[in-house]
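Everything quoted here is computed from the prediction, not taken from an experiment. Every heavy atom of this structure was used, including side-chain atoms; hydrogens, water molecules and symmetry mates were not.
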Amino acid sequence: MLKRVVTYGLVGVLVLSAAVFAAGVAVKKGNAGRIAPGVTVCGRDFSGMTMDEAEEVLVGMLPETVTEVRCRFLPEMREELEERVRKMNEKGNKAENILVGNIESGELPLIRLTVQENEVCVTVKGPMFRPDTEKMLQSVAEQSGEAKVWEWLYAAVTGRPYRAREAEASFSWEEDRFGEYIDLLCEVTERERQDATVAWEDGQVKVTESRRGYRLETEKLWQEAETVAGEATKRMQTGPVEGLVLRFYVKGTALMPGLTTVQARGCNKIIGSFTTSYAGAGSGRAQNIRAGAAKLHGAVVLPGEEFSVAAALMPFTEANGYAQGGTYIDGQLSESIGGGVCQLSSTLYNALLQTRLEITERHPHSLPVGYVPLGRDAAIAGDYKDLKFKNTTKAPVLLLCEATGTEVKVTVYGNEGAKREGVTLESVVTEEKKDSVTVEVYREEIREDGRTIKEKMSENQYGMKKGDARGERE
């Protein structure tokens with residue numbers, strides 16, 4: 001009897017199991033193409049949806065996002081900046097700016113530029129993340145496929161899933177779009193620095209204004225943005241998010257001009273001047289002096305810079321305005337392209353001796369010249385003889401060089417402190433031989449306190465025989 005009961009019981013269980021399984025299969029078959037009960041994404045239930053319906057829901061799951069990026073601006077830029085912002089906003093309102101669109105239609109984000117006290121703000125209302133729907137749908141399909149037939153039947157009978165199956169959520173930050181907003185902010189607030197300039201116009205020193213530049217520290221902003229975007233993505237992956245507000249503050253750096261207006265305006269005094277004569281010079285030599293004078297005229301040497309006369313005058317070619325002129329070759333006066341330009345460097349040298357500027361390189365000729373006192377010449381030859389000086393003041397130095405046809409005059413402008421007062425120069429022959437002469441040059445200056453300071457400037461030896469000269473342009 002017991003055996004029969006057990007047998008009937010087992011048969012009943014098998015029949016019931018088969019019936020349940022069949023019912024489950026029928027339920028699952030009746031929901032073919034639909035997502036299994038209990039499958040969720042970011043806590044949202046996708047049970048019973050088709051994949052197309054799920055995709056539509058996934059796309060719409062993005063929270064409304066407001067992105068706000070602020071930065072300061074230079075106070076002197078206010079009027080210019082407000083005008084830029086006004087024009088950009090007007091352009092956007094006319095739907096001509098690709099960055100501005102109709103947020104309600106979902107076409108493009110809505111962007112607004114505002115100036116608030118000492119800050120510029122870019123406010124963006126629109127999506128800053130995108131769902132990776134393909135990846136999420138694949139995860140939904142995998143979770144749905146793991147549901148057993150009896151789970152389908154349980155949900156159908158009880159009206160609730162047997163258990164939750166969370167599909168993987170995947171969202172990406174719209175990095176390129178964020179970059180467009182930063183570029184817009186940079187376009188509005190940034191500008192290049194501008195140095196003051198010094199020039200000789202209409203018989204006087206003219207100065208143009210300097211201005212500060214401004215740069216946003218976008219590298220630090222990107223680092224912060226990546227962190228914020230990562231945190232926001234995690235929030236969206238763990239549950240529904242109604243809205244996101246992303247706020248950023250960008251620091252800026254003022255770029256100071258290399259030469260300020262104040263410095264430039266310091267170039268307002270004649271600190272040195274000298275004139276030499278080339279009356280009776282041949283046409284080639286006269287042309288070379290005119291051509292070289294034009295190249296030196298208006299040269300500006302900024303604070304801390306070193307000026308090379310040879311670099312300013314070269315190359316000595318006909319294409320550069322030079323002609324055949326007098327040159328020392330093998331102890332004799334000969335002809336070469338550019339001959340005569342040494343008179344320009346020597347004239348400048350004598351003007352510099354009246355200043356506090358630092359003469360960093362100067363060479364005498366191999367043979368004496370007649371246009372300056374002995375020992376006060378400055379030769380230009382190849383790459384081994386040059387006249388150089390350094391501007392050791394805080395103001396620019398301006399060179400004026402005028403060739404009248406008979407005389408060449410060099411005037412040096414700078415700040416008042418660069419001028420030496422009461423300067424006298426003396427050439428003293430210390431040794432005279434049959435084939436050479438040695439000359440020392442002294443500078444005597446009267447200081448503000450009445451003291452007289454005398455210093456030795458140079459010691460020069462000149463040859464008096466053939467072969468001593470080395471191609472100097474006389």
So how far is it from [X] [atom1] to [Y] [atom2], rounded to the nearest 0.5 Å?
X: Leu58; Y: Arg44; atom1: CG; atom2: CZ; result: 9.0 Å
X: Ile35; Y: Arg165; atom1: CD1; atom2: CZ; result: 13.5 Å
X: Arg160; Y: Ser47; atom1: CZ; atom2: OG; result: 13.5 Å
X: Glu190; Y: Arg215; atom1: CD; atom2: CZ; result: 4.5 Å
X: Tyr413; Y: Asn268; atom1: OH; atom2: CG; result: 9.5 Å
X: Lys251; Y: Leu221; atom1: NZ; atom2: CG; result: 12.0 Å

[X] side-chain N/O to [Y] backbone N/O, donor-acceptor pair under 3.5 Å:
X: Asn118; Y: Arg72; result: no
X: Arg84; Y: Glu187; result: yes
X: Ser345; Y: Leu387; result: no
X: Thr411; Y: Ser273; result: no
X: Ser170; Y: Met136; result: no
X: Asp45; Y: Thr40; result: no
X: Arg211; Y: Glu192; result: yes
X: Asn391; Y: Glu305; result: no
X: Asn415; Y: Thr393; result: no

Counting only heavy atoms from other residues, nucleotides and ligands, does the tally under 6.0 Å from [atom1] of [X] exceed 12?
X: Arg247; atom1: CZ; result: no
X: Glu53; atom1: CD; result: yes
X: Arg235; atom1: CZ; result: no
X: Glu318; atom1: CD; result: no
X: Gln204; atom1: CD; result: yes
X: Glu416; atom1: CD; result: no

With the threshold set at 4.0 Å, does a side-chain nitrogen-carboxylate oxygen contact exist between [X] and [Y]?
X: Arg130; Y: Glu174; result: yes
X: Lys125; Y: Glu68; result: no
X: Glu83; Y: Arg86; result: yes
X: Glu445; Y: Arg447; result: yes
X: Glu180; Y: Arg177; result: no
X: Lys390; Y: Glu306; result: no
X: Glu361; Y: Lys388; result: yes

task: Just do the side-chain contact (heavy atoms from CB on, under 4.5 Å) check on Lys409 and Glu407 with the steps written out, would you?
output: CA-CA 7 Å; Lys409 179 179 181 181; Glu407 292 182 334; over 6 Å; no
Can you find a heavy atom in the side chain of [X] that is under 4.5 Å from one in the side chain of [Y]?
X: Phe389; Y: Val301; value: yes
X: Val188; Y: Leu113; value: yes
X: Val372; Y: Phe274; value: yes
X: Thr65; Y: Leu246; value: yes
X: Thr197; Y: Asp195; value: no
X: Tyr384; Y: His363; value: no
X: Phe307; Y: Leu296; value: yes
X: Leu344; Y: Cys401; value: yes

query: Does the pair Arg212 and Gln194 meet the rule for a side chain to side chain donor-acceptor pair (under 3.5 Å), with working shown?
result: CA-CA 7 Å; Arg212 294 192 297 173; Gln194 183 173 292; over 6 Å; no
message: Show the nearest heavy-atom pair for residues Cys42 and Phe171, with the distance to one decimal.
response: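 That would be SG-CE1, 3.8 Å.
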task: Could you tell me how the ring of Trp222 sits relative to the ring of Phe178: parallel (under 30°), tilted (30 to 60°) or perpendicular (over 60°)?
output: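 Rings of Trp222 and Phe178: perpendicular, over 60°.
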- request: Carefully, step by step, assess Leu353 and Thr355 under the rule side-chain contact (heavy atoms from CB on, under 4.5 Å).
  value: CA-CA 6 Å; Leu353 288 173; Thr355 75; over 6 Å; no
query: If you draw the axis of the six-membered ring of Tyr322, does the NZ or CZ of Lys295 fall within 45° of it and under 6.0 Å from the ring centre?
result: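 Pair Lys295/Tyr322 counts as cation-pi.
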query: Can Ser210 and Thr260 be counted as having a side-chain donor-acceptor contact under 3.5 angstrom?
result: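 Absent: no donor and acceptor within the cut-off.
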message: Assess the residue pair Thr114 and Gln116 against the criterion (side chain to side chain donor-acceptor pair (under 3.5 Å)); give the C-alpha distance rounded to whole Å, side-chain angles, the decisive distance to 0.1 Å, and a yes or no.
response: CA-CA 6 Å; Thr114 53; Gln116 303 170 0; 3.1 Å; yes
